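Since the structure comes first, as structure tokens, the remarks are kept for the end.
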Amino acid sequence: MDIDLSPKLAKKVCEGDGGSYFAWCPSELPMLREGNIGAAKLALEKNGFALPNYCDSARVAYILLGSGTVGIVLPEREEKVVPVKKGDAIALPFGVITWWHNKEDTEFVVLFLGDTKTAHKRGEFTTFSLTGTNGIFTGFSTEFVSRAWDLEESVVKTLVGKQTGKGIVKLAGSNMPEPKQEHRDGMALNCEEAPLDVDIKGGGRVVLLNTKNLPLVGEVGCGADLVRLDGGAMCSPGFSCDSALQVTYIVRGSGRAQVVGVDGKRVLETTVKAGNLFIVPRFFIVSKIADPEGLEWFSIITTPNPIFTHMAGSIGCWKGLSPKVLESAFNVDSETEQLFRSKRTSDAIFFPPPN
């Protein structure tokens with residue numbers, strides 16, 4: 001595969017009084033188009049309001065910074081007004097209508113990752129606004145709006161004329177519905193507070209997002225995880241053995257990453273830092289080593305319940321091969337094979353820094 005896998009930062013697509021919308025472009029990150037993946041970020045300032053809209057792709061949203069409110073209307077269901085904060089993951093299936101609001105002084109930033117196989121453009125999300133200068137009311141004629149919503153034409157003109165913002169606006173006051181804690185049930189999972197699926201002392205920690213702890217990811221078609229690698233620690237080389245793509249956003253810190261592809265060729269060797277997005281192709285093997293301050297990333301995997309094969313550590317696939325097979329495959333004597341096999345007998349997935 002001769003394709004640029006280098007990590008990229010998002011670029012600002014649009015800006016309103018209440019915030020900005022950023023996206024990664026397939027022309028700069030070709031794996032988005034190749035893998036049919038979309039990636040974007042929403043940043044809301046105080047009193048920022050992302051107007052109601054729906055998207056042409058199912059997505060997973062992850063709160064990178066701050067706290068706020070998301071309104072969610074699933075098809076043929078009532079609105080959920082969900083309080084969200086840093087570390088929350090929300091599954092957004094097809095057909096869902098959402099709005100986002102920030103009433104706090106601190107910035108509220110949301111990451112969106114998802115599969116674009118049903119999208120208008122490969123590797124890009126397209127959103128359809130219900131209101132605003134680009135909303136549906138501005139597209140239909142006054143007659144159609146009047147007939148559809150049983151309104152006088154004068155009222156229709158008022159509705160259209162009052163919509164002066166596009167996509168993201170800033171509210172003068174906070175006359176929005178209050179979020180309800182009970183609406184979080186089944187809608188959001190905080191990856192920073194959830195029980196750890198992996199916890200290696202001095203190595204790192206993982207929280208998996210799947211159909212068991214957030215059933216809606218089954219409708220989205222993507223699983224996800226939050227990985228926190230301690231300073232100097234290494235993540236075992238591994239790959240997704242169920243043909244899934246791994247889409248990784250660096251949340252915090254920095255480190256080094258290597259990816260090995262077909263014919264044992266190293267296709268990527270780079271430094272990753274906060275804000276970077278990169279995509280590992282199917283069956284390619286990836287490994288990361290954190291810098292001293294540590295490395296944290298949020299990933300989606302394009303299957304709801306992903307399965308990984310790790311190459312090193314106590315659960316590494318080498319452990320399953322017989323000694324004679326390894327001696328023959330490596331073309332080494334039994335002593336060298338035993339030395340190879342004797343290492344990493346207690347460490348799994350994450351390896352603490354050497355003493």
Side-chain angles (χ1 to χ4, degrees), residues 1-7 30-31 34-35 197-206 208 223 225 227-248 250 254-272 276 278-292 294-295 297 299 301-303 305-355:
M1 174 180 285
D2 187 17
I3 192 168
D4 182 13
L5 301 179
S6 303
M31 273 303 298
E34 181 75 20
D197 293 281
V198 177
D199 186 7
I200 307 296
K201 185 178 180 181
R205 291 152 297 286
V206 180
L208 299 174
D225 59 22
V227 180
R228 285 168 282 184
L229 199 59
D230 291 336
M234 181 182 195
C235 181
S236 168
F239 67 96
S240 174
C241 60
D242 49 8
S243 78
L245 288 163
Q246 186 175 357
V247 186
T248 298
I250 306 300
S254 62
R256 292 176 290 143
Q258 291 186 358
V259 177
V260 175
V262 180
D263 292 329
K265 181 181 178 182
R266 188 189 309 153
V267 294
L268 180 67
E269 181 172 13
T270 189
T271 296
V272 292
N276 279 158
F278 73 103
I279 302 172
V280 178
R282 291 178 174 89
F283 301 111
F284 282 34
I285 300 170
V286 60
S287 182
K288 307 179 191 76
I289 298 177
D291 285 340
L295 182 64
W297 66 86
S299 296
I301 302 92
T302 55
T303 182
N305 297 292
I307 303 172
F308 286 97
T309 293
H310 293 279
M311 309 299 290
S314 60
I315 60 172
C317 60
W318 299 108
K319 304 295 184 185
L321 294 171
S322 65
K324 293 299 182 183
V325 169
L326 287 181
E327 288 174 27
S328 299
F330 281 126
N331 192 25
V332 296
D333 56 30
S334 60
E335 183 179 353
T336 304
E337 188 279 331
Q338 288 172 12
L339 177 64
F340 177 76
R341 184 181 294 275
S342 68
K343 301 296 183 179
R344 299 293 186 201
T345 57
S346 59
D347 298 325
I349 304 177
F350 300 128
F351 310 139
N355 296 325

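Since the structure is predicted, the reported quantities are computational estimates derived from the model, not experimental observations.
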Please report the shortest heavy-atom distance between [X] and [Y], naming the atom on each side.
X      : Y      : result
Ser236 : Ser287 : C-OG, 4.1 Å
Ser299 : Gln246 : OG-NE2, 3.9 Å
Gly231 : Pro353 : O-CG, 3.7 Å
Ala233 : Gly202 : CB-O, 3.8 Å
Leu268 : Pro7   : CD1-CD, 4.5 Å
Ser240 : Phe283 : O-CD2, 3.8 Å

**OP:** Just do the salt bridge (Lys or Arg N to Asp or Glu O under 4.0 Å) check on Arg205 and Asp230 with the steps written out, would you?
**Re:** CA-CA 8 Å; Arg205 291 152 297 286; Asp230 291 336; 2.6 Å; yes
Subject >> Stepwise side chain to side chain contact (heavy atoms under 4.5 Å, CB included) check, Glu34 with Ile3 >> reply: CA-CA 9 Å; Glu34 181 75 20; Ile3 192 168; 4.0 Å; yes
**OP:** Step by step, work out the side chain to side chain contact (heavy atoms under 4.5 Å, CB included) result for Ile301 and Leu245.
**Re:** CA-CA 6 Å; Ile301 302 92; Leu245 288 163; over 6 Å; no
Does any non-hydrogen side-chain atom of [Y] lie less than 4.5 Å from one of [X]?
X      : Y      : answer
Pro281 : Met31  : yes
Phe278 : Val247 : no
Leu229 : Trp297 : yes
Phe284 : Val262 : yes
Val198 : Phe350 : yes

Distance check, rounded to the nearest 0.5 Å: [X] atom [atom1] versus [Y] atom [atom2]?
X      : Y      : atom1 : atom2 : value
Asn276 : Ile250 : CG    : CD1   : 6.5 Å
Thr271 : Asp291 : OG1   : CG    : 7.0 Å
Arg228 : Asp199 : CZ    : CG    : 9.0 Å

Original post:
Given the rule in the side chain to side chain contact (heavy atoms under 4.5 Å, CB included) test, do Phe239 and Arg282 qualify, once you have shown the distances and angles that lead to the verdict?
Top reply: CA-CA 8 Å; Phe239 67 96; Arg282 291 178 174 89; over 6 Å; no
Subject >> Candidate list Ile285, Leu5, Val280, test side-chain contact (heavy atoms from CB on, under 4.5 Å), partner Val267, passing option >> reply: Leu5
**OP:** Identify, with sequence neighbours excluded, every residue that meets salt bridge (charged side-chain N to carboxylate O under 4.0 Å, His left out) alongside Asp4.
**Re:**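 Residues passing salt bridge (charged side-chain N to carboxylate O under 4.0 Å, His left out) with Asp4: Lys8.
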Subject >> Gln258 vs Arg266, side chain to side chain contact (heavy atoms under 4.5 Å, CB included): CA-CA, chis, key distance, verdict >> reply: CA-CA 7 Å; Gln258 291 186 358; Arg266 188 189 309 153; 3.9 Å; yes
Original post:
With no hydrogens and no angle check, is any side-chain donor or acceptor of Ser328 less than 3.5 Å from a backbone partner on Val325?
Top reply: no
Original post:
Does Thr336 reach the main-chain N or O of Val332 with its side chain, forming a donor-acceptor pair under 3.5 Å?
Top reply: no
**OP:** May I ask you to decide if the ring planes of Phe330 and Phe340 are parallel, tilted or perpendicular, using 30° and 60° as cut-offs?
**Re:**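 Rings of Phe330 and Phe340: perpendicular, over 60°.
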Original post:
Is the count of non-hydrogen atoms from other residues, nucleotides or ligands lying under 6.0 Å from Asp333 atom CG greater than 12?
Top reply: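 Correct, the count exceeds 12.
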